[in-house]
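Following: one structure in structure tokens, then a few remarks.
First the proteins, then the strands, lettered A, B, ... as listed; each starts at 1.
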Amino acid sequence: MIDGPGVRARLEAAASDVDRIADSMDLAGMTRSRRRGATALRLVGLGALACASLVAVVIGIVVSGPRGSSPPTTTVVPGLSARPVDLAATPEGWTPLDFGDVQVSVPPNWRPKALVFHGPPHLTLSYVAEGSGGDGVTLQAATYPSGHPPYRLEHIHGLAVRIWERFRLAIVPAAGVQIEWSGDGRSVLDTLTWSPQAAALAARTTAPPASSWRRVSFGGVQVAVPESWRVKRILGSCAASFFVNEDAVLLDRDLPLKCLTAPGLPVVVEPRRMGVMVNLLRQDSALGPYKFPTRCVARRTSPAETLCTARAPLADLMLVEVTVHGHKPVLVAIGQFGDGHEVQQIYDSIRPAP
Amino acid sequence: MEGAEKEFERFAREQARSLMRQAYLLTGDAAEAQDLVQETMLRAWRSWPTLSSYEQPGAWCRQVLHRLAVGRWRKLVVRHRHPLAESSATPATDADHLDVVAAVRALRVPERRALVLHDIAGLSVAEIAGEMQAPEGTVRSWLTRARAQVAAQLGISSVTTAEERRS
């Protein structure tokens, strides 16, 4: 048999990538959860989304002032210990686009839009931005190019990127995202950095929101937002009618989350939105093929709730499915903005409504 | 009760890294691995009154972990067609590590399990044979094949240990 420096060392090196995840797992927390009668940690399906040629109507919902509330007992977040958004990666005047755990920025005259189309076998969502004269960039879940030819490995703002110049394609393995470009779109790749979602989900201790923040409750879930944000209830409907958004709640600015309409139909989105949308999920056939993959990229658990952050990225939104025991799952969409600090605070504030 | 909890917490801490590494190589997906480890530990805690009296509670956890992993593979067969698209939670920053994980994932289930038990869990061929309820010669053959296949995929030479050569 052959001898040489080999497989075992490579296996151990690759496997050690998850040591930090193992170290961050509060496995002892399940003894506490069990004592309090919590049900098992479980993955809940993330159906998702869409929404809204929105008619927003300001009406009252349960809004309460700031108050103390005990933080969840357990924080379980996979990933690296630090995944900062490099704000300097965005040139002056350029527009950041977020897709899952990564962000790129495009020139000011470029027009961002989201596209949805069928796999097969899975629904695929692309985030596209186009300039003039054929310049453009597309972000979507990663797939290897046919034959997996040699690539060049480059590190851009701390992210390892596999680049196939010939195919005008780059893959960010740590985020599972691929970036394709046309024309002068190559310069967009140089603006790559972690997204606010990645920063918000990096392993850390949960931080309580500022005492001035207001807490809003809906569907059994409470979320805290900056005091200045407006609170609206949305009466929305989608032209494609695969998802009726009648129970959505929108906070702050109108969240320009459009219906994910018929496959292939471009949907214009407005990047850099702030805001939070809380939405009663409908786990029925109406979602049909638009259901996103159901596994979590991050999960937080406490005796009373389970939070699952969506694996399928959506342009500029971080999606969290919240299951408060005894209630239907609720979808919380948090706009990705800034360096992720506020996104993290909003995420950390999610808990069962009192 | 408090004593049992402390004992379990110590046990969980000791096991977490090894189980996580095994789960990661078995599934090729960090999020999936995390699920498996948590589910395994949850079951261990539920069975702790009995499990704590076992000579090797870690072996019990490995068995549960591997059984859970096989159950999930059956449900997720379609994912193999689009491995990276469905593996967005991978923690690796080194692209080579992803190739290693992909190579292990391409192995047949018993070969993959044997390789992970041997190289990651540190079990001997005899111990693997006991856990997998297979003859030692078969385990050696799985290990040799697995190592050769992974080595070929990675473009490196494979190593067969003295123990594996004994047959």
**OP:** Check whether any side-chain heavy atom of A:Asp19 sits under 4.5 Å from a side-chain heavy atom of B:Met20, and report yes or no.
**Re:**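 A side-chain contact under 4.5 Å is absent here.
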**OP:** Spell out, as yes or no, whether a donor-acceptor pair under 3.5 Å connects the side chain of A:Arg8 to the backbone of B:His118.
**Re:**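 Between the backbone of B:His118 and the side chain of A:Arg8 there is a qualifying donor-acceptor contact (under 3.5 Å).
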Original post:
How far does CG of B:Leu25 sit from CD of A:Glu12, to the nearest 0.5 angstrom?
Top reply: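 One gets 10.0 Å once the value is rounded to the nearest 0.5 Å.
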